[in-house]
2 protein chains.
Amino acid sequence: MSIDVGARLRSVRTTFGLSQRELARRAGVTNGLISLIEQNRVSPSVSSLKKVLDGVPMSLAEFFTLDLSAPPQAFFGADELLELGSAEVSLRLVAAQRPARQLTVLHERYAAGAATGEEMLPPRGEEAGVVIRGRIELTVGGATRVLGPGEAYYFASQLPHRFRNVGRETCEIISACTPATF
Amino acid sequence: MSIDVGARLRSVRTTFGLSQRELARRAGVTNGLISLIEQNRVSPSVSSLKKVLDGVPMSLAEFFTLDLSAPPQAFFGADELLELGSAEVSLRLVAAQRPARQLTVLHERYAAGAATGEEMLPPRGEEAGVVIRGRIELTVGGATRVLGPGEAYYFASQLPHRFRNVGRETCEIISACTPATF
DNA sequence: ATGATGTGTTTAATATTTTGAACAAATGGC
DNA sequence: GCCATTTGTTCAAAATATTAAACACATCAT
């Protein structure tokens, strides 16, 4: 068998709630290739696999480190959250090992001044979160508001939205979205 | 640039004191391929890279996790040693990040009953070690002896040699060989 | 039902990797 | 000196990965 790149990729892709075509578009490859890789009908070149994972995004190291056979787990230490984002915007995904979940929960950290782009997420979900440290400016649809510790948000994913840390310290948020459409 | 698989592989290979041909032989690929990969003239398929790393041996996860730009480091915590062996025979390599070293130092652990095969190592080095826990049976050339804590060994690598844990508890050894021919 | 979109899969053509064998340069022994 | 090895590199041929477009199957709205 020898490592089953296909199952890994399928698990990652479904965990992030992406179709083969959507992942292919983000990665700049064809949907057919994703299909072939997931079926283990080809062994992708490292450069191709890198391109595909950039569409998630996920590093090669993370990809090969992922524990697919991890048993259902109820508790996760801080070290057990999958680190996803950049240095500016850190996203720690809870229970990343488990594919096809209904719910995604993140521990997000925004460095001072950091912001997300205009998010384009799947059309049928909702997102909510609570700020636990720092202050974040959140724009949803036409409305903008600055949230501090203890304050929260909740909106439908299809609305354009953007997060921006306008303060001086790192901002931390615990967030969730549904379905698993991160 | 995007991850520089070539530099990684070259670093790993030289760290282990292998020529392109020797690594190719162990991995079941051609030496030309190793050369091309190391020059980044091709982006190997994951299956090929896996085959190559099996010849070291090293996992894909380790390979992509390796920190090439690690600054020269003088102290290494137990967690910082590169785990190489199997569950039976664990080899923890000190300072694995640093290529082209003169000396290799290992923290070895042999489970009860575990043994190495007949070692076939490069012809121009020496090996030495001290047992720190448990008991190990060491055969060098025609001679066999059981070593316990505080006892040590020292021999030329080209002699056929074999380690076997004949006791009930795990045996631990700190060993070194030169040149970096592990 | 029907058409329109979404999904994952398959196929032939194309592009890339991989091989096998050659090459030039360096090393060691005599 | 010279020969025999060993090193890493290169090249055309063979094998494999990747693309682009079609396919079959679902879902959803009309």
Side-chain angles (χ1 to χ4, degrees), chain A residues 2-56 60 63 99-100 120-125 157-158 179-181, chain B residues 2-55 60 99-100 102 120-125 156-158 179-181:
Chain A
S2 135
I3 214 179
D4 205 348
V5 169
R8 261 167 210 273
L9 180 55
R10 178 154 301 192
S11 168
V12 168
R13 178 176 64 80
T14 56
T15 293
F16 285 73
L18 300 173
S19 69
Q20 290 181 346
R21 281 185 162 83
E22 175 59 18
L23 176 55
R25 190 190 63 73
R26 299 192 188 193
V29 300
T30 57
N31 60 303
L33 177 57
I34 308 254
S35 177
L36 295 173
I37 293 173
E38 289 188 352
Q39 299 171 81
N40 284 321
R41 308 243 315 238
V42 297
S43 176
S45 71
V46 170
S47 55
S48 296
L49 182 58
K50 171 107 180 16
K51 276 202 287 187
V52 170
L53 293 179
D54 282 345
V56 174
L60 288 162
F63 180 77
M120 289 288 296
L121 290 178
R124 244 189 315 284
S157 298
Q158 61 265 41
T181 51
Chain B
S2 136
I3 215 180
D4 205 348
V5 170
R8 261 165 211 273
L9 180 55
R10 180 154 299 192
S11 169
V12 167
R13 178 177 62 81
T14 55
T15 295
F16 285 73
L18 301 173
S19 69
Q20 291 181 344
R21 280 185 163 81
E22 174 59 18
L23 176 55
R25 189 190 63 73
R26 299 193 188 191
V29 299
T30 57
N31 60 303
L33 176 57
I34 308 249
S35 176
L36 294 173
I37 293 173
E38 289 188 351
Q39 298 170 80
N40 285 319
R41 308 242 316 238
V42 297
S43 177
S45 71
V46 170
S47 55
S48 296
L49 182 58
K50 171 109 180 17
K51 277 202 287 187
V52 170
L53 293 179
D54 282 345
L60 287 163
Q102 301 275 29
M120 289 289 294
L121 290 178
R124 246 189 314 284
S157 298
Q158 60 265 40
T181 51

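Throughout, a chain's letter reflects where its sequence line sits, starting with A, and its residues are numbered from 1. Computed from a predicted model, the values in this text were never measured in an experiment.
Considering only heavy atoms from C-beta on, B/Leu23 comes within 4.5 Å of B/Leu9 through its side chain. In this structure, B/Arg10 and B/Gln20 have side chains that are in contact, with non-hydrogen atoms separated by less than 4.5 Å.
No side-chain donor-acceptor contact under 3.5 Å links A/Glu22 to the backbone of A/Leu18.
Residue pairs satisfying the salt bridge (charged side-chain N to carboxylate O under 4.0 Å, His left out) criterion with at least one member in residues 39-48 of chain B, sequence neighbours excluded, are absent.
Comparing the helix axis at one end of the helix from C/dA1-D/dT30 to C/dC30-D/dG1 with that at the other, each defined from 5 consecutive pairs, gives an inter-axis angle of 30° (nearest 10°).
One can place CD of B/Glu38 at 11 Å from C1' of D/dT9, the figure rounded to the nearest angstrom. Here the C1' atom of nucleotide D/dT9 and the CG atom of B/Asn40 are 15 Å apart, to the nearest Å. In this structure, the CG atom of B/Leu23 is 13 Å from the C1' atom of D/dG8, given to the nearest Å. In this structure, the CD atom of B/Glu22 is 11 Å from the P atom of D/dG8, given to the nearest Å. As a whole-Å value, the separation of B/Leu9 CG from D/dG8 C1' is 13 Å. Protein atom CZ of B/Arg25 is 16 Å distant from nucleotide atom P of C/dG20, rounded to whole Å.
Classification of A/Lys50 and A/Asp54 as a salt-bridged pair holds, one side-chain N sitting under 4.0 Å from a carboxylate O. Checked for salt-bridge contact, A/Glu38 and A/Arg13 meet the test: a charged N lies under 4.0 Å from a carboxylate O.
By the side chain to side chain contact (heavy atoms under 4.5 Å, CB included) test, B/Arg21 pairs with B/Ser19, B/Asn31, sequence neighbours left out. When the side chain to side chain donor-acceptor pair (under 3.5 Å) test is applied to A/Ser48, the partners found at least two apart in sequence or on another chain are A/Ser45.
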Report, one pair per line, the protein and nucleotides 13-15 of chain C atoms (nitrogen or oxygen only) whose separation is under 3.5 Å.
none

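The phosphate of C/dT9 (OP1 or OP2) has a side-chain N or O of A/Gln20 nearer than 4.0 angstrom.
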Legend entry - Pair A/Ser35-A/Gln39, side-chain contact (heavy atoms from CB on, under 4.5 Å): steps then yes or no: CA-CA 6 Å; A/Ser35 177; A/Gln39 299 171 81; 2.9 Å; yes
Inset, instruction - Output, in order, the C-alpha distance, side-chain angles, deciding distance and verdict of side-chain contact (heavy atoms from CB on, under 4.5 Å) for A/Ile37 and A/Ile34. - result: CA-CA 5 Å; A/Ile37 293 173; A/Ile34 308 254; 5.8 Å; no
Legend entry - From CA spacing to verdict: side-chain contact (heavy atoms from CB on, under 4.5 Å), A/Val56, A/Phe63: CA-CA 11 Å; A/Val56 174; A/Phe63 180 77; over 6 Å; no
Inset, instruction - Can you check each nucleotide of nucleotides 10-24 of chain D against protein heavy atoms at under 4.0 Å and return B for base, S for sugar-phosphate only, - for none, in 5' to 3' order? - result: B------SBBS-B--
